[in-house]
J.: 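My questions all concern the structure below.
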Amino acid sequence: MNPQNYNDHLEKLNPKQREAVIATEGPLLIVAGAGTGKTKTLTHRIYQLIHQGVHPQNILAITFTNKAAKEMRERVMHMLGNQGYETPFMKTFHSLGVYILRRFSREANLKKDFAILDTNDTQKIIKEAMEKHGINPKIHEPKKIRSFISSRKSDGVTAEGFSKATHSSFTEIVSAVWLTYEEMKTKESGVDFDDLLLKTLELLEKNSEVRTALQNQWKYIHIDEYQDTNKVQYDIVRLLAEKHHNLCVVGDTDQNIYSWRGANLRNILNFEKDYPETQVILLEENYRSSKNILTAADEVIKKNTARIHKTLTTQQGDGEKINLFVSMNEADEAFHIARKAADLIKEGSSPTEIAVLYRTNFQSRVLEEAFLRENVPYQLLGTKFFERKEIKDVVSYIRAALNRDGLSDLKRIINEPKRGLGPAALIKIFAGVAHELSPAQSRSYQTFTAILDGIESFSKDHTPGELARFVIEKTGFYDLYKNGSEEDHERLENLEELVTYATKYEDLSTMLEDIALQSDQDQLDDKNKKDGVKLMTIHSSKGLEFDYVFIGGLEQGLFPHDGFNEKKSVEDQEEERRLFYVALTRARKKLMLSYAMMRTIYGEQTFNEPSEFLADIPNEIIEREDGFGGAPIKPIKTVYLDW
C-alpha cells in the first residue's frame, strides 16, 4: 500500500477520529454523537487494519441496514483502490446469521438450502398451528401471537424454554402454538427472521468447534449502532469476540429510540464492565449542524441520566436562531408549515432538503391536506393517511352500510374484525345462498348485517363526526386496538384522527367524495412525490439529515407522548427525550418548531400546554413567530427518579 495514501487517510481525520482509527488492539467504545462522522471513522479504521497487515477476511463489520453495509463496503474498497484486496465481511446481523447457518448447516441441524420465511409466511404457519389446537383466531389474532413469539425470541427465549415458564391462559396458548409452529417450520426446512439470530446464537453456544473457527476467522470485529442491539445480538457479538477481544463498537446512548423493538440501552452502558480493558473515545465534533441547533440538542438531552455524557461542538458558527411558531390549532400549524416550506422552495432550496417530522402517524393527515392545498410537492414516508388499513376499513363500513351492492367494500370488511367468515363463506354470501352457511357462520353474518343496519340508521340523523365515532366503537375496532400492541395503539390514534377529520363536514356524501378524490390525487404525480418535502415520523428519520427541519405537535401529552392511559416509566420518559434529541439533530441549517394551543383529538377539542422539551431550549436562541406576544416559554419542571 502506498505510504503517501496512508498518510493522506490519517490527515483527513480530526484528532479524536484519528485516535479511534489507530487504536486497533483490544476493546474500543466509540461514543459517536450525531453528525460526528462515525461511518467515516469506521471505514478508516478498517483501512488502517488492512494497512497494518490484517487480512480483509479477518475483519468483520456488522450494521443494522443493508444500505449502511453497502455504503461502508463501497467506501473501504474505494480507499483500497485497484490493488486486488478482498472485501472484508460487512453484513447486517441477519445476513451474518444466514452466512453462518448456511456454512455450518449440518452443525445447526438445517438443510443448506433452508428457506427464509417472511412475515406473511410465518403468519400463515402460525394460523395453521392455531387451527391444529382448535384456537379461535377471532379471540386470539394470529398476528398478535406471531408478534409475541418474535419479541420473546429477540430476548433469547426458545419455544422449549418458554413452555417451562408459562403461567397464564394466554401464555399456555402461545406455548402450544409456538411448539407446533417450530415443528411445522422444521418440516418445511424454513427459518424465520428471528431464527437467523437465535439459531446462530444456539450454534455458537453449543458447538465449540464452530465458535472457535469463527473466532479465528474474525479477529477484528466492528459493530455499528451498538445502542440498538438486543439480547441475542449482544450475545452473538460477545461469543465472536470472546477469544481476541478486538471488539470496536460505535454508538450513542442519546440516540437509543428502539426499546420497543427490543433494543437494550444497557448493552452500551455496560460495555466497560463487560470489557474492563476498554478504551473509550468520544466523537464530539459535529459536521452537520450549526451551534444553535447543537446547543438546543445538548440542553434537552443533558436531563437524561442513562447516558454517556458528551457535548457536541461545531466550527460552523452560531447559524440561524430556532424558529418557534405557536398556532391556534392543528390546521393553522399545518398550513404554516406548508407555506414556510413553499417559501423556502421559492428562495431556491431543494424540496428534498426539507423535512417535516412528527411524533405520531396520525399527525400526517392534516399536514398532507395542507401541502395538497398549498400545492407544495411532498413525499410521505410510510402509508398515506387515507390508505392506511384501519382508515379504509372504517370508510368501507360506512360505504357498505349506504350501498349494499358495493362488493369491494363488503369483501374488505365482512371479516374485519375477525368473525369467522372466510373465503368459502364469502362465496356463498355473494352467490346469494347465505342460507347454506353453517350455524356459527350464519350468526356471524347476522351480526355483521346488524352492524351495517345500525350504521345506516345512525347516519340519517347524526353528523359525519358522530357517525365515524359510532362506527369505530360499534364495529369493535376501538376495543380491539385499545387493548392491543403499540402498533394497535397507533391505529387507534389514526382512527381518532379520522373522527376529527369528519367533524369538519356537515354532509356525509361530501366527506366520502373528498376522501375518494384526495386518495386519487395522492397518486397523481410520482415525480412530485420523489422530489417533494419529506413528511415522516421521527423514528423514520433516524440516520437522515436535511437543511431545514420542521418538528410539529410539540405539546405536552403528544410529544412527549403519554400513551394510552399508561404510566410512563423513567426509561420511557428518557426515551421520549432521546427521540426529541434525534429530531433536533437531523437539521443542518435551520430548525422550525411548532405547537398548537388547541388540538382536536377524537372529535373533541383539547387545550394544550407546550411540551416540557421547549422549556429546555435557551430563550436567547429562539425566535417566536405568533400573535400571542412572544413571551418566553414558561418552564415545566421535569423530575426523573433514580434508575
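Below, each value reflects all heavy atoms present in this structure, side chains not excepted, and no hydrogens, waters or symmetry copies.
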J.: Where do W218 and L96 come nearest, in terms of heavy atoms and distance?
T.: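 Distance-wise, the nearest heavy atoms are CH2-CD1, 3.5 Å.
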
J.: Would you sort out whether K302 and D298 count as a salt bridge (charged side-chain N to carboxylate O under 4.0 Å, His left out), showing the intermediate values?
T.: CA-CA 6 Å; K302 72 181 185 182; D298 185 57; 5.3 Å; no

J.: Would you tell me whether S154 and S151 have side-chain atoms, one donor and one acceptor, within less than 3.5 Å of each other?
T.: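 Side-chain D/A pair, S154 to S151: absent.
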
J.: Evaluate the criterion side chain to side chain donor-acceptor pair (under 3.5 Å) for residue pair R365 and N494; output intermediate values, then yes/no.
T.: CA-CA 9 Å; R365 199 276 305 168; N494 291 334; over 6 Å; no

J.: For the atom pair CD1 (I125) and CG (D192), what is the distance rounded to the nearest 0.5 Å?
T.: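 Atom-to-atom, I125:CD1 and D192:CG are 8.5 Å apart.
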
J.: Got a second to check how far M72's CE is from T63's OG1, nearest 0.5 Å?
T.: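 Between atom CE of M72 and atom OG1 of T63 there are 6.0 Å.
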
J.: Give the intermediate values and the outcome of ring-ring contact (aromatic ring centres under 6.0 Å, His included) for residues F385 and F362.
T.: CA-CA 7 Å; F385 183 80; F362 82 84; 8.5 Å; no

J.: Is it the case that atom NZ in K542 sees more than 12 heavy atoms from other parts of the structure closer than 6.0 Å?
T.: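 Atom NZ in K542 is packed in, count exceeds 12.
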
J.: Regarding E285 and K16, does a basic nitrogen lie under 4.0 Å from an acidic carboxylate oxygen?
T.: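 A salt bridge is absent here (no side-chain N lies under 4.0 Å from a carboxylate O).
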
J.: Should Q556 and E612 be marked as a side chain to side chain donor-acceptor pair (under 3.5 Å) after you check the CA-CA gap, both sets of side-chain angles, and the distance that decides it?
T.: CA-CA 6 Å; Q556 199 68 11; E612 65 185 72; 2.8 Å; yes

J.: Go through it in stages, so that I can follow the logic: the residues are R588 and D547, the test is salt bridge (charged side-chain N to carboxylate O under 4.0 Å, His left out), and I'd like the CA-CA distance, side-chain angles, deciding distance and then a yes or no.
T.: CA-CA 5 Å; R588 297 190 193 103; D547 285 345; 2.8 Å; yes

J.: Would you say the side chains of S289 and Q316 form a donor-acceptor pair under 3.5 Å?
T.: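 Per modelled atom types, S289 and Q316 side chains form no pair under 3.5 Å.
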
J.: If only side-chain N and O atoms count, and only distance matters, is there a donor-acceptor pair under 3.5 Å linking Q573 with E575?
T.: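 Looking only at side-chain atoms, Q573 and E575 do not form any donor-acceptor pair under 3.5 Å.
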
J.: Could you go through L198 and T158, starting from their C-alpha distance and side-chain angles, then the distance that decides it, and tell me whether this counts as side chain to side chain contact (heavy atoms under 4.5 Å, CB included)?
T.: CA-CA 8 Å; L198 190 55; T158 63; 4.3 Å; yes

J.: Have N292 and T295 got a donor and an acceptor in their side chains that come within less than 3.5 Å?
T.: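 No donor-acceptor contact under 3.5 Å links the two side chains.
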
J.: Strictly distance-based, threshold 3.5 Å: is any side-chain N or O of H222 a donor or acceptor partner for the main-chain N or O of I46?
T.: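 Checking the backbone N and O of I46 against the side chain of H222, no donor-acceptor pair under 3.5 Å is found.
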
J.: Pair L101, T200 - check side chain to side chain contact (heavy atoms under 4.5 Å, CB included), show working.
T.: CA-CA 6 Å; L101 293 176; T200 296; 3.6 Å; yes

J.: Going by the angle between their ring planes, with limits at 30° and 60°, are Y378 and F371 parallel, tilted or perpendicular?
T.: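 Plane angle over 60°, so perpendicular.
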
J.: Salt bridge check: are E71 and R75 linked by an N-O gap of less than 4.0 Å?
T.: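 Counted as a salt bridge, because a side-chain N and a carboxylate O are separated by less than 4.0 Å.
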
J.: Would you tell me whether D194 and S150 have side-chain atoms, one donor and one acceptor, within less than 3.5 Å of each other?
T.: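 The criterion, which ignores hydrogens and geometry beyond distance, is satisfied for S150 and D194.
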
J.: When F580 is tested against each of D616, I301, I551 for side-chain contact (heavy atoms from CB on, under 4.5 Å), which residue passes?
T.: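 Filter result, single survivor: I551.
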
J.: Below 4.0 angstrom, N of the basic side chain to O of the carboxylate: do E574 and R577 qualify?
T.: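 Between R577 and E574 there is no salt bridge, as every charged N stays at least 4.0 Å from the carboxylate O atoms.
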
J.: Is R586 paired with E545 through a side-chain N to carboxylate O contact shorter than 4.0 Å?
T.: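 Looking at E545 and R586, the cut-off is not met.
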
J.: A cation-pi test, strictly: NZ or CZ of K185 under 6.0 Å from the centre of the six-membered ring of Y181 and no more than 45 degrees from its axis. Yes or no?
T.: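 The answer is yes, since K185 meets both limits relative to Y181.
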
J.: Do E272 and T278 pass the side chain to side chain donor-acceptor pair (under 3.5 Å) test, and can you show the C-alpha distance, the side-chain angles, and the key distance before you say yes or no?
T.: CA-CA 6 Å; E272 293 175 81; T278 293; over 6 Å; no

J.: Hey, does the side chain of E576 reach the backbone of H561 with a donor-acceptor pair shorter than 3.5 angstrom?
T.: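 Yes, E576 side chain to H561 backbone: donor-acceptor pair under 3.5 Å.
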
J.: Have S594 and E333 got a donor and an acceptor in their side chains that come within less than 3.5 Å?
T.: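 There is such a pair between these side chains.
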
J.: Decide, yes or no, whether a salt bridge links E487 with R491 under the criterion of side-chain N to carboxylate O below 4.0 Å.
T.: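 A salt bridge links E487 with R491.
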
J.: Can you tell me how far apart CZ (R73) and OG1 (T43) are? Round to the nearest 0.5 Å.
T.: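 Separation between the atoms: 13.0 Å.
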
J.: Is it the case that the ring center of Y481 lies less than 6.0 angstrom away from the ring center of H489?
T.: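 Here the rings of Y481 and H489 have centres that are no less than 6.0 Å from each other.
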
J.: In terms of side-chain heavy atoms, does N304 have a donor or acceptor partner in Y581 at a distance below 3.5 Å?
T.: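 No, no side-chain donor-acceptor contact under 3.5 Å.
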
J.: Return the minimal non-hydrogen interatomic distance between L579 and H539, and the atom names on each side.
T.: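 Looking at all heavy atoms of both residues, the shortest contact is CD2-CE1, 3.6 Å.
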
J.: Among K38, K310, R307, which residue meets the salt bridge (charged side-chain N to carboxylate O under 4.0 Å, His left out) test with D252?
T.: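 When salt bridge (charged side-chain N to carboxylate O under 4.0 Å, His left out) is applied between D252 and each of K38, K310, R307, only K310 qualifies.
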
J.: Please answer whether the main-chain N or O of T360 pairs with a side-chain N or O of E490 as donor and acceptor at a distance below 3.5 Å.
T.: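 Side chain of E490 to backbone of T360, a donor-acceptor pair under 3.5 Å: no, none is there.
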
J.: As a quick check of understanding, evaluate side chain to side chain donor-acceptor pair (under 3.5 Å) for E277 and H245, giving each step before the final call.
T.: CA-CA 9 Å; E277 65 274 36; H245 277 209; 2.9 Å; yes

J.: Measuring only between side-chain heavy atoms, which start at C-beta, is T229 closer than 4.5 Å to N264?
T.: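 With C-beta onward as the side chain, the pair stays apart.
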
J.: How about F148 and F170: are their ring centres within less than 6.0 Å of each other?
T.: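 Yes - the distance between ring centres of F148 and F170 falls below the 6.0 Å cut-off.
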
J.: Tell me, yes or no, whether the heavy-atom count around K589 atom NZ, taken from other residues, nucleotides or ligands under 6.0 Å, exceeds 12.
T.: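 12 or below, so no.
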
J.: Supply the atom-to-atom distance N286 CG to L294 CG, rounded to the nearest 0.5 angstrom.
T.: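 These two atoms lie 4.5 Å from each other.
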
J.: Is there a donor in the side chain of R599 and an acceptor in the side chain of N608, or the other way round, less than 3.5 Å apart?
T.: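 Their side chains do not contain a donor-acceptor pair, so the 3.5 Å distance test is not met.
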
J.: For the residue pair S611 and F559, what are the closest heavy atoms and their distance?
T.: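 Between these two residues, the closest heavy atoms are OG-O, 2.8 Å.
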
J.: Could you please spell out the steps behind the salt bridge (charged side-chain N to carboxylate O under 4.0 Å, His left out) verdict for E497 and R388?
T.: CA-CA 12 Å; E497 178 63 14; R388 292 189 171 106; over 6 Å; no

J.: Evaluate the side chain to side chain contact (heavy atoms under 4.5 Å, CB included) criterion for residues I236 and I62: first the C-alpha distance (whole Å), next the side-chain angles of each, then the deciding distance (0.1 Å), finally the verdict.
T.: CA-CA 11 Å; I236 289 172; I62 306 177; 5.8 Å; no

J.: Around atom CG of D274, are there more than 12 heavy atoms from other residues, nucleotides or ligands closer than 6.0 Å?
T.: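 Count over threshold, so yes.
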
J.: Report yes if the distance between the aromatic ring centroids of Y99 and F89 is under 6.0 Å, otherwise no.
T.: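 Between F89 and Y99, which both carry aromatic rings, the centre distance is below 6.0 Å.
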
J.: Just wondering, are more than 12 heavy atoms of other shown residues or ligands nearer than 6.0 Å to NZ in K67?
T.: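 Counting other residues, nucleotides and ligands, NZ of K67 stays at 12 neighbours or fewer.
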
J.: What I want to find out is whether D479 reaches K482 closely enough, with some N-O distance under 4.0 Å, to be called a salt bridge.
T.: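 No salt bridge links D479 with K482.
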
J.: Looking only at heavy atoms, what is the nearest atom pair of T41 and A20, with distance?
T.: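 Closest approach of T41 to A20: CG2-CB, 3.8 Å.
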
J.: How many angstroms lie between atom CG of L357 and atom CG of L591, to the nearest 0.5 angstrom?
T.: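 Atom-to-atom, L357:CG and L591:CG are 9.0 Å apart.
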
J.: Step by step, would you call D224 with F64 a side chain to side chain contact (heavy atoms under 4.5 Å, CB included)?
T.: CA-CA 7 Å; D224 193 14; F64 272 83; 5.8 Å; no

J.: Do you see a donor-acceptor pair shorter than 3.5 Å between the side chains of Q233 and H94?
T.: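 The criterion, which ignores hydrogens and geometry beyond distance, is not satisfied for H94 and Q233.
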
J.: Decide whether a cation-pi geometry holds between R102 and F114; the criteria are a distance under 6.0 Å from NZ or CZ to the six-membered ring centre and an angle within 45° of the ring axis.
T.: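 So R102 does make the cation-pi contact.
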
